[in-house]
Enquirer: 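Would you mind keeping the following structure in view while I ask a few things?
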Amino acid sequence: MTWIEGRFEENVITTTLEDALNWGQQSSIWPMTFGLACCAIEMMATGASKYDIDRFGAGAFRATPRQADLMIVAGTVTFKMASRVRRLYEQMADPKYVIAMGACTVGGGPYFKHGYHVVKGVDLVVPVDVYVPGCPPRPEALLEGLMRIQDKIKHRKVTKGESTLPVPHHTGYSALNV
Amino acid sequence: MNIQEVHSILLQKFGEAAVGAAFVEATDPWIVVDAGSIVDVGTFLRDDERLRFDHLNDLCGCDYFEPDEKKAPKFGHDPHVEVVYQLSSMELKHRLKLKVIVARWKNDEQGQLPEVPSVSSVWGIANWHEREAYDLVGIFFQDHPNLRRILCPEDWQGHALRKDYDFPLEYHGVRGR
Amino acid sequence: MSMQIEDPRVVEFDVQTDEMLVNMGPQHPSTHGVLRLLLRTDGEIVHECTPHIGYLHRCAEKIGENLATPQWVPYTDRMDYLAAMNMNLGFSLAVEKLVGMEVNEKAMHLRVFIAELGRIASHLVAMGTYGLDLGTFSPFLYAFREREIILDFFEEACGARLTCSYLTVGGATHDLPEEMEIPDGLAALLQIPKGQRAHFFEVVEMFLSWLEKRIKEYHALLTTNAIFIKRTAGIGILSRETAISFGCTGPVLRGSGVDYDLRRKEDGEAIYTRMYEGYDFEVPVAPFADAPREAVLGDNWCRFYVRMMEVVQSIRLVRQAIPKYQKAEGTHREVFKFNTKLPKDEVYLETECPRGQMGFYIVGNGNAEPLRARAKSSCFCNLSVTDQLCEGVPLADVPSVVGSLDVVMGEIDR
């Protein structure tokens, strides 16, 4: 946009509306305080002194899903909990994103074989945007997952609406109707 | 106080119909108690000056069964279900293990849970432990104030720690395997 | 309190309230995980509190029946994920008791060293999250700052931060390292350049002496804070009799004035107390001489203070373990093969974990896999008194009561 440059005073930046919106949203992701199991402790560590998730603008942990943009499913989802996870997801306002943190939420993890009461991956319950493997993942890994969410927001197109979410899971089973 | 002394006190008080053999050779020796008299024995153990077993460390069920027919001859136990009570005394610093042995199914009818009287009136914590044993091992505790499932959802089918338990394929629309 | 006013001429002197059911959890920031409390309240006052658990039931006992015992060690990590080392230790000792195995002296002192560090880390989290429950954020940041350094030690020893699986049947998976890089966090706190290497135990000692001075600050920040005392002292009083009858253990039991700690020779079993032989430590038991006037035996404040005092004792134990470990001979691990057949016998062993007495009941039947692997949870018993503690307290004090019990849902539901 060379024709416009130099015609304004300093401190004026030109950008597209889309970029400005996406930049604002990606820099202020509010996650939901939603700890299930061991991974929740690593999620807390990510929010605490050493790793400090606030550096990415995602430090405002909300206790209510209605104020949150991001659900970090940290820990094993059980059958008893599955309906609650889904309810919480439905209560979140659009646009909303989900990180599946840890082996259990990715695909059952160590509880895959004999875990009669464990949901084999949270993508059977809610659609997942980013999978963070590890048992539990280190805080750095969760931060990486957060950055992938930021990438996803960055490439969103305002005109085309929400891009379709990927068909979940390696098993070929589709999730519940979303 | 060692297990033989406890055993002789119990035999003296309740007789051989209620108190079975003591297995003293095991690493943690135990005394077998008849299901019908576990509440009386428990109350006595808790209140007697010499014993004072005021702390129920653990109560759990255990299923002795080998579902694989090939391995069954080598299993070495008759199929049965045990309720194991781990007791200790905070004052006198001694420990005791009791066992109640019942059949896997009441009257040998599949699905009829075996019955054991509840000791929740003796030790408060037995309330929750018995609910767990009911939930996972499938033992019905008589006179329990609130015998509902505690870990699995209320509408769960089967008792998971039974050896012949079939894993659910689906629960409320979520794939199980 | 709701009341009927029969005579319409009587001026209403109180706000009329109705009974209401309030559902708290399973997703609630101050229930420490997925605990669900169903509260029957009348206005602000809780009349009935029913805990519902099982939202994290991960079938650990069923899994234990299908795996060889050393393979189940990682699952014990995931029960009490805040004190993974202590859980490993409890289960390993139970298996050793079953097969009649004796670990040598070096492994024993290594275990004391690691287990007590784990206790400090666990109590630090308990302190931080209790602050969060009561609405103060800063203790949480301090607690996690210190805890990260302990996790750096664990990482140096075994490679994992949280779920370590370090102490295993026969000893520990690795020996303690000779030297390590001073953790960045510690270097920043001590204001020394980053990236220096030092002897492992020197770094630990640097950390301990630094932590020791900080405990006074925590007391200023939390324990003796007027608001904190108002929120905790005299609330949620657990009597000695109830505590024993409901199987409460650990800091909850000692907060009610029962002097019982499995690490001491007269209380615990020989295979466990042998480890602590020759160690000099005290067991903090309520009531305390330096308690505030409002504090009552067995209330939230006492339970919290027991934990804080245990940190001091654990620091002492870690200090004593270091020279003992260095002097001891032998290997850190006796070989225990995965396919070792368990004898036809059964054992039950309880150990003193940060949250209470964690018991493992293992029945062997001639196979490598046990016939029954039972984990008796300490928090399970501690939580069962919630309904009694919460009766008649205001709604706002429920998180204060639950937080003082310091429950970890992974251990309760297994």
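Labels below follow one simple rule: chain letters A, B, ... track the order of the sequence lines, proteins then strands, and each chain is numbered from 1.
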Enquirer: Quick one: closest heavy-atom pair of A:Arg84 and C:Tyr55, and the distance?
Expert: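 Looking at all heavy atoms of both residues, the shortest contact is NH2-OH, 3.2 Å.
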Enquirer: Mind checking the CD-CZ spacing from C:Gln27 to A:Phe34? Nearest 0.5 Å is all I need.
Expert: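 The distance works out to 6.0 Å.
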Enquirer: Answer with side chain, backbone, both or neither: which region of A:Ala40 has an atom nearer than 4.5 Å to a non-hydrogen atom of chain C?
Expert: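 Contact with chain C is absent: no heavy atom of A:Ala40 under 4.5 Å.
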Enquirer: Count the heavy atoms belonging to other residues, nucleotides or ligands that lie under 6.0 Å from CZ of C:Arg214, then report whether that count exceeds 12.
Expert: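 Enclosed.
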Enquirer: What part of C:Arg145 gets closer than 4.5 Å to chain A, counting heavy atoms only: side chain, backbone, both or neither?
Expert: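 For C:Arg145, backbone and side chain are both near chain A.
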Enquirer: Please classify the contact of C:Gln71 with chain A as side chain, backbone, both or neither, using a heavy-atom distance under 4.5 Å.
Expert: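 Answer is neither: C:Gln71 stays 4.5 Å or more from chain A.
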Enquirer: Say you draw a straight line from CG of C:Leu56 to SG of A:Cys38; how long is it, rounded to the nearest 0.5 Å?
Expert: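 One finds 7.5 Å between CG of C:Leu56 and SG of A:Cys38.
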Enquirer: For the residue pair A:Tyr116 and C:Lys62, what are the closest heavy atoms and their distance?
Expert: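 A:Tyr116 and C:Lys62 have their closest heavy atoms at CE2-CB, 3.6 Å.
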Enquirer: Who wins among A:Ala45, A:Gly47, A:Pro65 for the most heavy-atom pairs under 4.5 Å with chain C?
Expert: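 When all of A:Ala45, A:Gly47, A:Pro65 are compared, A:Ala45 has the most.
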Enquirer: Just by modelled atom types, is the C:Ile53 backbone N or O under 3.5 Å from a matching donor or acceptor in the A:Lys80 side chain?
Expert: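 Confirmed, A:Lys80 side chain pairs with C:Ile53 backbone.
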Enquirer: Do other residues, nucleotides or ligands put more than 12 heavy atoms under 6.0 Å from C:Tyr142 OH?
Expert: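 Counting neighbours around OH of C:Tyr142, 12 or fewer heavy atoms of other residues, nucleotides or ligands fall under 6.0 Å, so no.
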Enquirer: So, C:Thr163 side chain and A:Cys135 main chain: donor-acceptor pair closer than 3.5 Å or not?
Expert: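 Such a contact is found between C:Thr163 side chain and A:Cys135 backbone.
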Enquirer: Distance from C:Met409 atom CE to A:Met81 atom CE, nearest 0.5 Å?
Expert: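 That separation rounds to 10.0 Å.
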Enquirer: Sort C:Ile63 into side chain, backbone, both or neither according to what part of it lies under 4.5 angstrom from a heavy atom of chain A.
Expert: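 Both parts, backbone and side chain.
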Enquirer: With distance as the sole test, does A:Ser49 use its side chain to make a donor-acceptor pair with the main-chain N or O of C:Phe144 at under 3.5 Å?
Expert: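 Checked: no pair found.
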Enquirer: Sort out for me which of C:Asp413, C:Leu82, C:Leu151 touches chain A most, counting heavy-atom pairs under 4.5 Å.
Expert: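 That would be C:Leu82.
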Enquirer: Report yes if the distance between the aromatic ring centroids of C:Tyr75 and A:His114 is under 6.0 Å, otherwise no.
Expert: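 Aromatic pair excluded; centres sit 6.0 Å or further apart.
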Enquirer: So, C:Glu146 and A:Lys50, do they make that salt bridge, N to O below 4.0 Å?
Expert: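 Looking at A:Lys50 together with C:Glu146, the answer is no, because their closest N to O distance does not fall below 4.0 Å.
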Enquirer: At what distance, to the nearest 0.5 angstrom, does CZ of C:Arg147 lie from CD1 of A:Ile41?
Expert: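 Between C:Arg147 CZ and A:Ile41 CD1, I get 6.5 Å after rounding to 0.5 Å.
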Enquirer: Is it the side chain or the backbone of A:Tyr51 that comes within 4.5 Å of chain C heavy atoms, both, or neither?
Expert: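 For A:Tyr51, the side chain is the part near chain C, not the backbone.
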Enquirer: Can you confirm whether C:Asn66 sits close enough to A:Lys113 that some side-chain heavy atom of one is under 4.5 Å from a side-chain heavy atom of the other?
Expert: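 Of all side-chain heavy-atom pairs linking A:Lys113 with C:Asn66, none is under 4.5 Å.
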Enquirer: Quick check on A:Met44 against chain C: is it the side chain, the backbone, both or neither that has a heavy atom closer than 4.5 Å?
Expert: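 Contact with chain C involves both backbone and side-chain atoms of A:Met44.
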Enquirer: Which residue out of C:His57, C:Glu148, C:Arg78 racks up the most heavy-atom pairs below 4.5 Å with chain A?
Expert: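 Ranked by contacts with chain A, first place is C:His57.
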Enquirer: Select, from A:Pro136, A:Ala82, A:Ala74, the one with the greatest count of heavy-atom pairs under 4.5 Å involving chain C.
Expert: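 Looking at each of A:Pro136, A:Ala82, A:Ala74 in turn, A:Pro136 comes out on top.
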Enquirer: Considering residues, nucleotides and ligands other than A:Trp23, do more than 12 of their heavy atoms fall under 6.0 Å from its CH2?
Expert: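 Open.
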Enquirer: Top residue by heavy-atom pair count (under 4.5 Å) with chain C, among A:Thr64, A:Thr76, A:Val118, A:Thr33?
Expert: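 Of the candidates given, the most pairs with chain C belong to A:Thr76.
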Enquirer: Output the distance between atom NE2 (A:His117) and atom CZ (C:Arg414), rounded to the nearest 0.5 Å.
Expert: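 Reported to 0.5 Å precision, the distance equals 13.0 Å.
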Enquirer: In terms of heavy-atom pairs under 4.5 Å, which option from C:Ala143, C:Gly54, C:Gly410 contacts chain A the most?
Expert: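 Most heavy-atom pairs under 4.5 Å with chain A: C:Gly54.
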